[in-house]
Amino acid sequence: MTKSFRLGRGTIDALLGVDLTVEKGAFVSLIGPSGCGKSTLLRMIADLETPTTGEVLVNGLHPSAMRAKSRIGIAFQDPALLPWRTVLDNIRLPFEVAGLEPNEEIVRALVKLVGLDDFQRARPAQLSGGMRQRVAIARSLVLEPDVLLLDEPFGALDALTRLSMRALLLDLWRRHGFGVLLVTHDVDEAIELADRVLVLENGRVAHSITIESPRPTSSERTAQHDEYRADLLDKLGVRL
Ligand code: ADP
Ligand code: MG
């Protein structure tokens with residue numbers, strides 16, 4: 001599959017040839033230098049862009065069919081909440097967009113899971129950055145998607161909040177069994193969360209690394225983690 005963008009008189013090849021199959025329910029991280037095509041790949045899976053050649057299938061379906069059935073959840077770096085709506089109403093929004101009656105049980109359960117029980121009626125301006133991102137993640141899960149697409153969702157958060165967001169994401173993934181494709185700049189985040197780390201380079205998947213280590217229960221560093229880290233940094237061309 002390839003993707004080119006027209007830019008002025010020329011074209012930019014964002015993805016030069018990606019041939020990739022991801023197992024159902026897997027947690028996959030996508031890492032690579034800025035401009036290598038990570039967001040473009042995610043946006044094609046989300047049906048926000050169409051491939052120039054080739055095709056994308058999600059659970060055997062075209063992304064537009066998945067989107068029509070609300071089977072894909074999305075959260076990006078900017079939580080993009082509606083400022084005039086409360087936390088609860090922001091999380092309910094996907095039901096309205098899909099023309100469905102909100103399932104209040106799921107809405108409440110998610111508010112609780114992301115730790116915002118006491119802030120149900122708060123508006124985004126009254127929340128911290130981490131809390132807003134938790135609202136965005138709850139919102140992305142409220143229709144119980146099969147696939148969750150995350151584009152640097154914790155990029156704007158401070159280091160401590162990132163750690164708790166990672167733990168939250170792993171917890172949600174274990175409970176709900178959806179597949180995750182996480183774009184991140186953070187090598188440690190990729191290793192700690194994913195079953196598989198893909199290194200994207202100039203529009204191609206240059207490396208795929210299977211992470212065998214059992215996930216640590218805390219953010220403790222293991223020798224295995226350090227080995228993966230060294231390997232990934234090497235593949236990313238970072239010389240220490
Ligand atoms: P990444 O997310 O890895 O930083 P992107 O997928 O955003 O990279 O971009 C990959 C390449 O495609 C970049 O060269 C970028 O400038 C280009 N690109 C992305 N979206 C568009 C667009 N809508 N129009 C023109 N060029 C784009
Ligand atoms: Mg990007």
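One-based numbering, in listed order, for ligands and for the atoms of each.
- Classification of Asp117 and Arg108 as a salt-bridged pair fails, no side-chain N sitting under 4.0 Å from a carboxylate O.
- For ligand 1, the polar-atom distance check against Phe5 finds no nitrogen or oxygen pair separated by under 3.5 Å.
- We find that Asp89 and Arg92 are joined by a salt bridge, their nearest charged nitrogen and carboxylate oxygen being less than 4.0 Å apart.
- Below 4.0 Å from some heavy atom of Thr40 lie the following atoms of ligand 1, by number and element: 5 (P), 6 (O), 9 (O), 10 (C), 19 (C).
- For Arg166 and Asp186, the salt-bridge test passes: some basic side-chain N is under 4.0 Å from an acidic carboxylate O.
- Near Ser34, meaning under 4.0 Å from one of its heavy atoms, ligand 1 places the atoms 4 (O).
- Between Glu212 and Arg196 no salt bridge is recorded (no basic side-chain N to carboxylate O distance below 4.0 Å).
- Close approach of ligand 1 to Gly37 (heavy-atom distance below 4.0 Å) involves ligand atoms 1 (P), 3 (O), 5 (P), 6 (O), 8 (O), 10 (C).
- With a cut-off of 2.8 Å, the Mg ion (ligand 2) has no N, O or S atom of Thr40 in range.
- The presence of a protein heavy atom under 4.0 Å from atom 15 (C) of ligand 1 is ruled out.
- Using a cut-off of 4.0 Å between Lys/Arg side-chain N and Asp/Glu carboxylate O, Asp231 and Lys235 are scored as salt-bridged.
- Taking 4.0 Å as the cut-off, Gly32 does not count as a neighbour of ligand 1 on heavy-atom distance.
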